[in-house]
Asks: 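Pasting in a structure now, in structure tokens, and then I'll have a few things to ask.
Proteins get letters first, then strands, A, B, ... in listed order; numbering begins at 1 in each.
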Protein chains: 2
Amino acid sequence: MPILPFSIQTLKRLPFYLSLLEDQSSEDVTSGEIARTLGLTEVQVRKDLAAISQTAGTPGRGFSRSSLIRDIKIALGYGQLDEAAIAGVGHLGTALVNFDGIKQYGLRIVVGFDIKVSKKTWISETPVYPAHDIVDVIRRLNIRLGIITVNRENAQTVCDSFVEAGIKAIWNFSPTILRVPDDVIVQNENLAASLALLSRHLKAGGHLDT
Amino acid sequence: MPILPFSIQTLKRLPFYLSLLEDQSSEDVTSGEIARTLGLTEVQVRKDLAAISQTAGTPGRGFSRSSLIRDIKIALGYGQLDEAAIAGVGHLGTALVNFDGIKQYGLRIVVGFDIKVSKKTWISETPVYPAHDIVDVIRRLNIRLGIITVNRENAQTVCDSFVEAGIKAIWNFSPTILRVPDDVIVQNENLAASLALLSRHLKAGGHLDT
DNA sequence: TAGATTGTTAATCGATTAACAATC
DNA sequence: TAGATTGTTAATCGATTAACAATC
């Protein structure tokens with residue numbers, strides 16, 4: 001029952017285990033089955049599961065689907081909802097706001113901003129304010145996580161406002177390198193890299209190596 | 001002048017080098033500058049650049065911005081445009097179709113499909129067909145790369161049609177594990193993992209470790 | 001008990017970092 | 001030549017794989 005940290009590599013595989021387990025009907029599941037479906041090795045799966053699960057597998061039988069699901073969700077931090085703000089509600093931003101899955105992932109987008117909006121509007125149940133209200137609104141709501149889905153030209157400006165407002169973690173979908181102070185972290189959603197990986201694969205072949 | 005392979009880790013960093021270099025004005029750039037901006041080490045940068053560049057850096061001065069840009073684009077396969085089909089033109093799909101950057105990344109989305117469409121329509125200059133035309137149209141256009149931006153429930157069905165149509169590489173944005181034959185590869189765009197990484201970081205701190 | 005599958009220890013592999021010589 | 005920065009070799013670190021003993 002290891003309490004603390006598991007590797008980033010493990011962390012990245014967890015959502016796949018979760019997705020697979022949720023699609024599964026039988027209560028017993030073995031590392032071999034998981035490995036085969038995901039293109040990993042049995043041992044890798046067992047090590048990952050050992051690292052995050054409270055209840056051990058039973059030799060000769062496998063793991064309990066339901067407790068694995070529970071443990072993976074805990075490890076991924078689902079349940080503790082982080083509140084987030086999003087800047088740029090064009091197609092990509094709207095997609096994220098409307099994305100059902102995102103709530104399950106532990107994120108709740110509570111407010112949006114857009115340069116094209118001149119007074120408060122709504123996307124589903126999420127309020128959207130003009131871009132120049134970013135600092136005020138975020139400060140008031142005390143939000144620490146910001147999502148950037150504006151275009152390349154405006155990304156750094158938005159980022160600066162986020163930082164000024166007290167945002168500490170930024171999920172960046174714009175193809176730019178953002179400059180931030182040391183205490184703010186940026187997670188770049190790297191579409192270009194994924195694509196490069198794919199087109200390399202188109203020539204070589206391979207499977208899951210996120 | 002190494003001709004063949006560089007690691008996947010290197011590949012993933014290349015788009016960031018490229019973005020940084022394109023924002024840069026001076027023709028000389030050192031590994032130290034790059035490393036500082038991206039939160040990497042100098043040596044790491046130098047090794048990456050050595051792995052992909054045709055022209056070496058010059059000691060005491062640095063690298064040539066313009067030839068680095070050229071070499072990175074070659075390494076990433078930009079220029080050789082891959083033609084792609086996309087299934088699901090909701091918000092996310094439309095965002096991808098309209099995403100200017102994507103062309104620079106070496107991808108051209110030439111056709112879309114959607115279950116909600118009953119006859120041929122258009123998004124900008126991209127034709128969109130009803131979902132039941134997937135196999136016919138893709139076969140006719142001889143496309144090998146498919147993008148899935150439908151919801152979880154329809155993802156596997158679309159995937160099966162793609163495979164039937166001869167698609168060999170799939171870029172999967174749905175939160176599902178797709179079952180495909182061995183000769184088809186899947187690149188999962190793993191939003192859940194990114195998020196988990198972010199919220200872990202929210203507690204610990206860190207930088208670029210895609 | 002026999003069969004299956006787990007968990008763990010040791011070996012391997014690959015990527016990062018440290019140290020330093022080469023060179024513009 | 002002196003200073004700066006590159007490229008490379010060796011050391012370290014971390015993650016994956018192989019081998020096998022433990023156990024339901």
Asks: Please, what dot-bracket string fits DNA chain C when only Watson-Crick and G-U pairs with both distances under 3.5 Å count, crossing ones use [ ] and pairs to another strand use |?
Replies: ..||||||||||||||||||||||
Asks: Going by the rule side-chain hydrogen bond (donor to acceptor under 3.5 Å, both in side chains), which residues pair with B:Arg108 if we only count those two or more places apart in sequence or in a different chain?
Replies: B:Glu83
Asks: Does A:Lys47 have any salt bridge (Lys or Arg N to Asp or Glu O under 4.0 Å) partners at least two apart in sequence or in another chain, and if so, which?
Replies: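 Per chain and number, A:Lys47 pairs via salt bridge (Lys or Arg N to Asp or Glu O under 4.0 Å) with no residue.
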Asks: Could you work out, with side-chain hydrogen bond (donor to acceptor under 3.5 Å, both in side chains) as the rule, every residue matching B:Glu164, not counting sequence neighbours?
Replies: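 With neighbours one apart ignored, the set is empty.
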Asks: Indicate whether any N or O donor in one side chain lies under 3.5 Å from an N or O acceptor in the other, for B:Ser53 and B:Thr55.
Replies: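 B:Ser53 vs B:Thr55: no donor-acceptor pair found between side chains.
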Asks: Output all residues satisfying side-chain hydrogen bond (donor to acceptor under 3.5 Å, both in side chains) with B:Arg36, sequence neighbours left out; order by chain, then residue number.
Replies: none
Asks: Below 4.0 angstrom, which residues in residues 23-33 of chain B have at least one non-hydrogen atom near DNA chain C?
Replies: none
Asks: How does protein contact run along nucleotides 12-24 of chain C, one letter per nucleotide 5' to 3', with B for base contact, S for sugar-phosphate only, - for none, heavy atoms under 4.0 Å?
Replies: ---SSBB----BB
Asks: Any side-chain hydrogen bond (donor to acceptor under 3.5 Å, both in side chains) involving residues 87-99 of chain B? Give me the pairs, sequence neighbours left out, ordered by first then second residue.
Replies: B:Asn98-B:Ser124
Asks: Separation of B:Glu42 atom CD from D:dG7 atom P, in whole Å?
Replies: 12 Å
Asks: For B:Phe173, what residues pass the ring pair (Phe, Tyr, Trp, His ring centres under 6.0 Å) criterion, not counting sequence neighbours?
Replies: B:Trp171
Asks: Quick one: salt bridge (Lys or Arg N to Asp or Glu O under 4.0 Å) partners of B:Arg70, sequence neighbours excluded?
Replies: none
Asks: Can you name the residues that form a salt bridge (Lys or Arg N to Asp or Glu O under 4.0 Å) with A:Asp160, not counting sequence neighbours?
Replies: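 Residues passing salt bridge (Lys or Arg N to Asp or Glu O under 4.0 Å) with A:Asp160: none at all.
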Asks: List for me each residue that meets side-chain hydrogen bond (donor to acceptor under 3.5 Å, both in side chains) alongside A:Ser19, sequence neighbours excluded, and say none if there are none.
Replies: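 A:Ser19: no side-chain hydrogen bond (donor to acceptor under 3.5 Å, both in side chains) contacts found.
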